[in-house]
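Only one structure is covered here, and it is reproduced in the block below.
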Amino acid sequence: QVQLDESGGGLVQTGESLRLACAASRDPLNLYVMGWFRQAPGKDREFVAAISRWGRLTNYLDSVKGRFTISRDNAKNTMSLQMNSLKPEDTGVYYCAAGSGFAAYTPPPDRAGEYAYWGQGTQVTVSS
């Protein structure tokens, strides 16, 4: 089964950018749909973005559309989330997730239950 490892979190100011990375090991990444979720203190885990197995389809939380871009490089077994124009409400622990059993052109899901494998999370803090 795949193992996921996130990196790239940090402390930034409103309007700045961060790029999160998710490195996969033990399994080829092209077997999985991939997603990013986040959890703020005292809140439930929230879907942020997802990408289909070969990157043709993406799905975003409405509040991040136009600011965040999810991408993947199956040859390098990596996935990224470019976050621009960050806001304080984007603060949280960001998790990389992988889901198996999806056909190549299936739209990537936004429900956490569809993802069986999770990374340990990386903290993103946006100060006002």
Side-chain angles (χ1 to χ4, degrees):
Q1 63 187 41
V2 69
Q3 182 170 315
L4 304 172
D5 186 21
E6 304 99 333
S7 61
L11 171 63
V12 296
Q13 295 185 339
T14 298
E16 294 185 339
S17 299
L18 276 176
R19 186 176 182 87
L20 304 183
C22 176
S25 59
R26 297 186 179 176
D27 240 357
L29 198 62
N30 62 30
L31 296 177
Y32 302 90
V33 294
M34 300 297 295
W36 287 98
F37 291 76
R38 67 188 180 191
Q39 188 165 19
K43 295 187 177 181
D44 292 335
R45 190 168 296 190
E46 175 183 52
F47 167 77
V48 176
I51 189 166
S52 60
R53 287 174 54 192
W54 293 99
R56 291 179 180 268
L57 300 173
T58 56
N59 190 6
Y60 293 95
L61 176 69
D62 283 346
S63 64
V64 308
K65 286 180 180 177
R67 301 190 297 123
F68 291 12
T69 303
I70 189 172
S71 61
R72 65 190 296 162
D73 186 337
N74 287 344
K76 296 182 179 179
N77 253 27
T78 59
M79 178 185 65
S80 298
L81 184 69
Q82 177 66 42
M83 304 186 295
N84 298 330
S85 302
L86 282 161
K87 305 175 181 180
E89 51 263 43
D90 294 318
T91 293
V93 178
Y94 281 68
Y95 297 91
C96 168
S100 61
F102 291 89
Y105 294 100
T106 300
D110 59 7
R111 293 178 297 172
E114 301 281 1
Y115 296 84
Y117 307 103
W118 295 79
Q120 80 287 351
T122 184
Q123 177 70 45
V124 172
T125 303
V126 185
S127 64
S128 57

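Reckoned from all heavy atoms, side chains included, excluding hydrogens, waters and symmetry mates. Numbering starts at 1 and runs along the sequence shown.
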Point-to-point distance, once rounded to the nearest 0.5 Å, from [atom1] of [X] to [atom2] of [Y]:
X	Y	atom1	atom2	answer
D73	M79	CG	CE	12.5 Å
R72	T58	CZ	OG1	12.0 Å
S85	F68	OG	CZ	9.0 Å
D90	L18	CG	CG	10.0 Å
Q82	L20	CD	CG	9.0 Å
S128	Q13	OG	CD	9.5 Å

Heavy-atom closest contact ([X] atom, [Y] atom, distance):
X	Y	answer
S52	A104	CB-O, 4.1 Å
V124	M83	CG2-CE, 3.9 Å
G9	T122	N-OG1, 3.2 Å
Y115	G35	CE2-N, 3.7 Å
F102	P109	CZ-CG, 3.7 Å
T91	A40	O-CB, 3.7 Å

With no hydrogens and no angle check, is any side-chain donor or acceptor of [X] less than 3.5 Å from a backbone partner on [Y]?
X	Y	value
N59	A50	no
N84	T69	no
Y105	R56	no

> So which pairs with a foot in residues 83-128 pass disulfide bond (SG atoms under 2.5 Å apart), sequence neighbours left out?
Replying inline: C22-C96
Would you call [X] and [Y] a side-chain contact if the rule is heavy atoms closer than 4.5 Å?
X	Y	value
T14	P88	yes
L4	M34	yes
V64	R38	yes
S100	L31	no

>> Out of the candidates Y94, Y60, Y95, F37, only one should pair with F47 under the ring-ring contact (aromatic ring centres under 6.0 Å, His included) rule; please name it.
In response: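 Output: one option passes, namely F37.
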>> Just by distance, no angles: are the side chains of T125 and Q123 close enough, under 3.5 Å, to form a donor-acceptor pair?
In response: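 There is such a pair between these side chains.
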> What do the steps show when you test K65 against D62 for salt bridge (Lys or Arg N to Asp or Glu O under 4.0 Å), and what is the final call?
Replying inline: CA-CA 5 Å; K65 286 180 180 177; D62 283 346; 3.0 Å; yes
> Among pairs that include at least one residue of residues 1-20, which meet salt bridge (Lys or Arg N to Asp or Glu O under 4.0 Å), considering only residues two or more places apart or in two chains?
Replying inline: none
> Are L61 and L57 connected, step by step, through hydrophobic side chains (Ile, Leu, Val, Met, Phe, Trp, Tyr) whose heavy atoms are closer than 4.5 Å?
Replying inline: no
>> Show every side chain to side chain donor-acceptor pair (under 3.5 Å) that has at least one partner inside residues 20-30, sequence neighbours left out.
In response: Q3-R26, D27-Y32
